[in-house]
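We use all heavy atoms of the structure for the numbers below, so side chains are in, but hydrogens, waters and symmetry mates are not.
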Amino acid sequence: MSERKYFGTDGIRGRVGVFPITPDFALKLGWAVGCVLAQNGVGKVLIGKDTRISGYMLESALEAGFASAGVAAAFTGPMPTPAIAYLTRTFRADAGVVISASHNPFYDNGIKFFSTEGKKLPDHIEHLIEEQLEKPLSCVDSDKLGRASRITDAAGRYIEFCKGTFDHDLSLSGLKVVVDCANGATYHIAPNVLKELGAKVIKIGCEPDGMNINHHCGATDVQALIEKVLAEKADVGFALDGDGDRIIMVDHLGNVLDGDKIIYIIAREALRNGQLKGGVVGTLMSNMGLEIALKELGIPFVRAKVGDRYVLEKLLENNWRFGAENSGHVLLLDKTTTGDGIVAGLQVLSAMIRNKMTLADLSSGMKLLPQVLINVRFSGKSDPLNHPDVIATIKDVESLLEYKGRVLIRKSGTEPLIRVMVEGQDNELVLQYAERIAAVVRNN
């Protein structure tokens, strides 16, 4: 198959008003997706969004495109990405659509799709959609046009689903939890889930205005959460991203737990309870400390390409349940079909309660190796990764690490960035090596 033109590792994403995140493209995308899905007799899709102001424009354009292909669209309003995956399954819809740029600033937006099983669309379906996009737009006869409707109880349905993933014999009574919803799609979901399970909830990042999503808050900027947890003497803090599929946690001491530490706690607890099936899937970015800690427990560990879709593919290939990215995507296939920040956080709280341990104590069995990630913006006119100076510098750094660390250089799947990651045992040397490679990439 040829390289995809529009779809990245997580759907289609970019700056609003700049192709392809424009109303005319969204209209044609809805039509193209509708045409491809209609080959299987598709009847209805669900459309959800985060809290970006541009979501209103894009959902209207998408709905018009679906209608012109003869596909009905049901709107949920602001709803987390994993909620759309769940609701697509429960409503027996033929596909789910999420309008979100996840952790990006408000001026970006994106469109991604779920299959009727609540999973990301397979690569071959995305290729078919791109082929359809090259064709001229058409419209079905008036009597076959798709209709639009609204799901009024979507939030309540998803709140009950999240609560159902938490052990029925446990309660969060007595726990003080700070939850940062990044002014995003979980603002009316996560606090209610935690409150209804008995926690005392302190909310931040729960006042979206269309433009403050992910702004100095949420999973990509946890400083406000750390300060609130310490000021309130809370037991734990949750930081979700704009669309709710990522979680970063903070313990009562202000220490940050990323996706690596979260999946370590969940996998170890499953092992203790005899519920672990197989091993854990990480990515090329997963810290070596996770691999070492799991090995000490006798839990198998394999790496997938970066992107939660590839973690999912590897899980299904091995018939395993647990996978994660250190950025906070945590996949628990015994609970749901995609990364879900709220569900993952509840499993960690369950482990805290069952073991009568603080989050700091629960995570103490895993030590992260120093890891530095530098993002280098590039024009896209040439490929720095193929430049001889870049290749030579990478080889030199790898020889200096002497197999006691790792170098990973890759292109972002959603932005014009080269990601330079260096990992090793000495923090100062790791930083020095990463900056050295980044400088060469930047100059080529």
Side-chain angles (χ1 to χ4, degrees), residues 4 6-23 25-26 29 47-59 61-62 78-85 97-114 120 180-187 190 205-225 239-248 258-259 283 285 306-309 325-330 338-341 373-380 410-419:
R4 288 172 296 185
Y6 303 110
F7 285 90
T9 57
D10 197 22
I12 299 170
R13 189 180 300 183
R15 185 127 185 179
V16 175
V18 178
F19 187 84
I21 308 302
T22 58
F25 180 82
L29 178 63
I47 301 180
K49 61 184 179 180
D50 63 23
T51 56
R52 293 163 213 269
I53 192 170
S54 57
Y56 295 94
M57 174 184 74
L58 293 174
E59 71 175 355
L62 278 168
M79 197 62 53
T81 288
I84 298 303
V97 187
V98 179
I99 303 168
S100 174
S102 187
H103 57 283
N104 286 25
F106 85 95
Y107 48 74
D108 290 336
N109 216 329
I111 303 167
K112 51 190 172 184
F113 301 90
F114 287 107
K120 298 287 178 70
D180 180 353
C181 294
N183 292 312
T186 62
Y187 78 98
C206 290
E207 297 181 356
D209 63 8
M211 292 177 284
N212 60 0
I213 187 171
N214 299 315
H215 185 63
H216 299 315
C217 58
T220 56
D221 189 344
V222 296
Q223 189 56 44
L225 178 63
L240 301 159
D241 68 339
D243 72 331
D245 63 355
R246 293 190 190 193
I247 182 171
I248 300 294
D258 66 1
T283 73
M285 295 295 291
V306 175
D308 59 333
R309 67 183 299 128
E325 295 189 278
N326 57 359
S327 60
H329 286 126
V330 180
T338 190
D340 191 316
L373 174 64
I374 299 177
N375 293 320
V376 182
R377 192 165 291 275
F378 73 107
S379 65
R410 68 178 186 89
K411 289 181 181 177
S412 167
T414 58
E415 301 173 84
L417 298 174
I418 300 293
R419 304 196 191 278

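- In this structure, the side chain of Asp245 does not engage the main chain of Asp340 through any donor-acceptor pair within 3.5 Å.
- Ring pair Phe25/Tyr6 is tilted by interplanar angle, where 30° to 60° counts as tilted.
- When all heavy atoms of Asn109 and Gly55 are compared, the closest pair comes out as ND2-N, 3.8 Å.
- Summarising the geometry, atom CD1 belonging to Ile99 is positioned 12.0 Å from atom CD1 belonging to Ile12; distances are rounded to the nearest 0.5 Å.
- Here Ile213 contributes atom CD1 and Asp50 contributes atom CG; the two are 4.0 Å apart, rounded to the nearest 0.5 Å.
- At least one side-chain heavy atom of Lys112 sits less than 4.5 Å from a side-chain heavy atom of Asp243.
- By the salt bridge (Lys or Arg N to Asp or Glu O under 4.0 Å) test, Glu325 is found to be paired with no residue, residues two or more places apart in sequence or in another chain being considered.
- Side-chain contact between Val97 and Ile84: absent, with no pair of heavy atoms (C-beta onward) separated by less than 4.5 Å.
- Summarising the geometry, atom CG belonging to Asp308 is positioned 8.0 Å from atom OG belonging to Ser327; distances are rounded to the nearest 0.5 Å.
- Side-chain contact between Pro416 and Arg377 is present, with heavy atoms from C-beta onward closer than 4.5 Å.
- The salt bridge (Lys or Arg N to Asp or Glu O under 4.0 Å) test applied to Arg15 returns no partner, not counting sequence neighbours.
- With no hydrogens or angles considered, a side-chain donor-acceptor pair links Ser102 and Asp241 at under 3.5 Å.
- The closest donor-acceptor contact from the side chain of Arg52 to the backbone of Asp108 lies under 3.5 Å.
- Looking only at side-chain heavy atoms (C-beta outward), Thr81 and Phe114 come within less than 4.5 Å of each other.
- With rounding to the nearest 0.5 Å, the separation of NE2 in His329 from CG in Asp258 is 13.0 Å.
- If you take CD1 on Ile47 and CZ on Phe113, they are separated by 8.5 Å, rounding to the nearest 0.5 Å.
- Side chains of Arg410 and Met285 form a contact here, defined as non-hydrogen atoms less than 4.5 Å apart.
- When the shell of 6.0 Å around CG of Leu417 is examined, it contains more than 12 heavy atoms from other residues, nucleotides or ligands.
- Nearest approach of Ala190 to Leu240, heavy atoms of both residues: CB-CD1, 3.7 Å.
- Scanning all heavy atoms of the two residues, the minimum distance from Ala61 to Ala26 falls at CB-CB, 3.8 Å.
- In terms of heavy-atom proximity, Gly242 sits nearest to Asn214 at N-OD1, 3.1 Å.
- Shown here for Asn183 and Pro208, the closest heavy-atom pair between the two residues is O-CB, 3.4 Å.
- For Pro82 against Gly339, the heavy-atom pair with the smallest separation is CB-O, 3.5 Å.
- Residues Leu58 and Lys49 form no side-chain contact, since every pair of their non-hydrogen atoms from C-beta on lies 4.5 Å or further apart.
- One distance of note links OG1 of Thr220 with NE2 of His215; it measures 11.0 Å at 0.5 Å rounding.
- A heavy-atom distance below 4.5 Å is not found between the side chains of Met57 and Ile21.
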